[in-house]
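Along the sequence shown, residues carry numbers from 1.
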Amino acid sequence: MTRILEGRNRANPDEMASFVDKFEELEKEILREKMSYMERCRRIRTQQKELLDDAKDQGLPKNVVKAVAKARDLERKATAIMEELEDDAQQIFKDIREALGDYADLPLGAAAVSREEQDDARTKAIVEAVENDLTDEEQASWDKAAPAGSA
């Protein structure tokens, strides 16, 4: 590698040119690597297209294959997120997902899970305030609509 001699404040023109030349060589190397990478990606995309065409020939819509693959990827991500939680938090996560059922996978369900994790005390206070303001008739309807085992 080119070096600047000790004791001077700046490189001479030949040294400066060698730095620029080396930098340009490295830029070209980066470009070659990018092109090589893109060519490998293009081959893989072609294989994916051929696979989807084969699936279509067998009667399976391309968008279904893509959707299932994406759903599986999202499920792996959700599992990874859950596994990062502490043990007690993992159990709460599982309980909420089970309580929400299929809704946990939808944006509204995800928002509910998030709010449950963040605002448990606040939500409890709101529910208690509402219950305290109910008339006897409203309280009877509230109790009738409550899930079994809650009170």
Which pairs count as salt bridge (charged side-chain N to carboxylate O under 4.0 Å, His left out) when at least one residue sits in residues 77-86, sequence neighbours excluded? Asp73-Lys77
Please write out which residues are connected to Val64 in a hydrophobic cluster, directly or through intermediates, given that two of Ile, Leu, Val, Met, Phe, Trp, Tyr count as joined at side-chain heavy-atom separations below 4.5 angstrom. Leu52, Leu60, Val65, Val68
Flag if over 12 foreign heavy atoms under 6.0 Å of CZ, Arg76: yes
Using 0.5 Å steps for rounding, measure from the CG atom of Asp14 to the CZ atom of Phe19. 12.0 Å
Residues passing the side chain to side chain contact (heavy atoms under 4.5 Å, CB included) test with Ile30, sequence neighbours excluded, are Glu27, Lys34
Sequence neighbours excluded, which residues qualify as salt bridge (Lys or Arg N to Asp or Glu O under 4.0 Å) partners of Arg42? Glu39
Using a 6.0 Å cut-off, check whether atom NZ of Lys56 has over 12 heavy atoms from anything other than its own residue. no
Arg45 side, atom CZ; Arg43 side, atom CZ - distance, nearest 0.5 Å: 14.0 Å
Does one side chain, of Ser36 or Arg40, offer a donor that lies under 3.5 Å from an acceptor on the other? yes
In this structure, CD1 of Ile81 is separated from CD of Gln90 (nearest 0.5 Å) by 12.5 Å
Point-to-point distance, once rounded to the nearest 0.5 Å, from CG of Leu51 to CD of Gln47: 9.5 Å
Linking Ile, Leu, Val, Met, Phe, Trp and Tyr through side-chain heavy atoms less than 4.5 Å apart, which residues share a cluster with Leu31? Met35
Cluster partners of Leu74, using ILVMFWY side-chain heavy atoms under 4.5 angstrom, listed by chain and number? none
Glu24 side chain reached by Val20 side chain, heavy atoms, under 4.5 Å: yes
Does a side chain donor of either Gln58 or Asp54 reach within less than 3.5 Å of an acceptor in the other side chain? no
Which atom names give the shortest non-hydrogen contact between Asp53 and Lys62, and what distance separates them? OD1-NZ, 2.9 Å
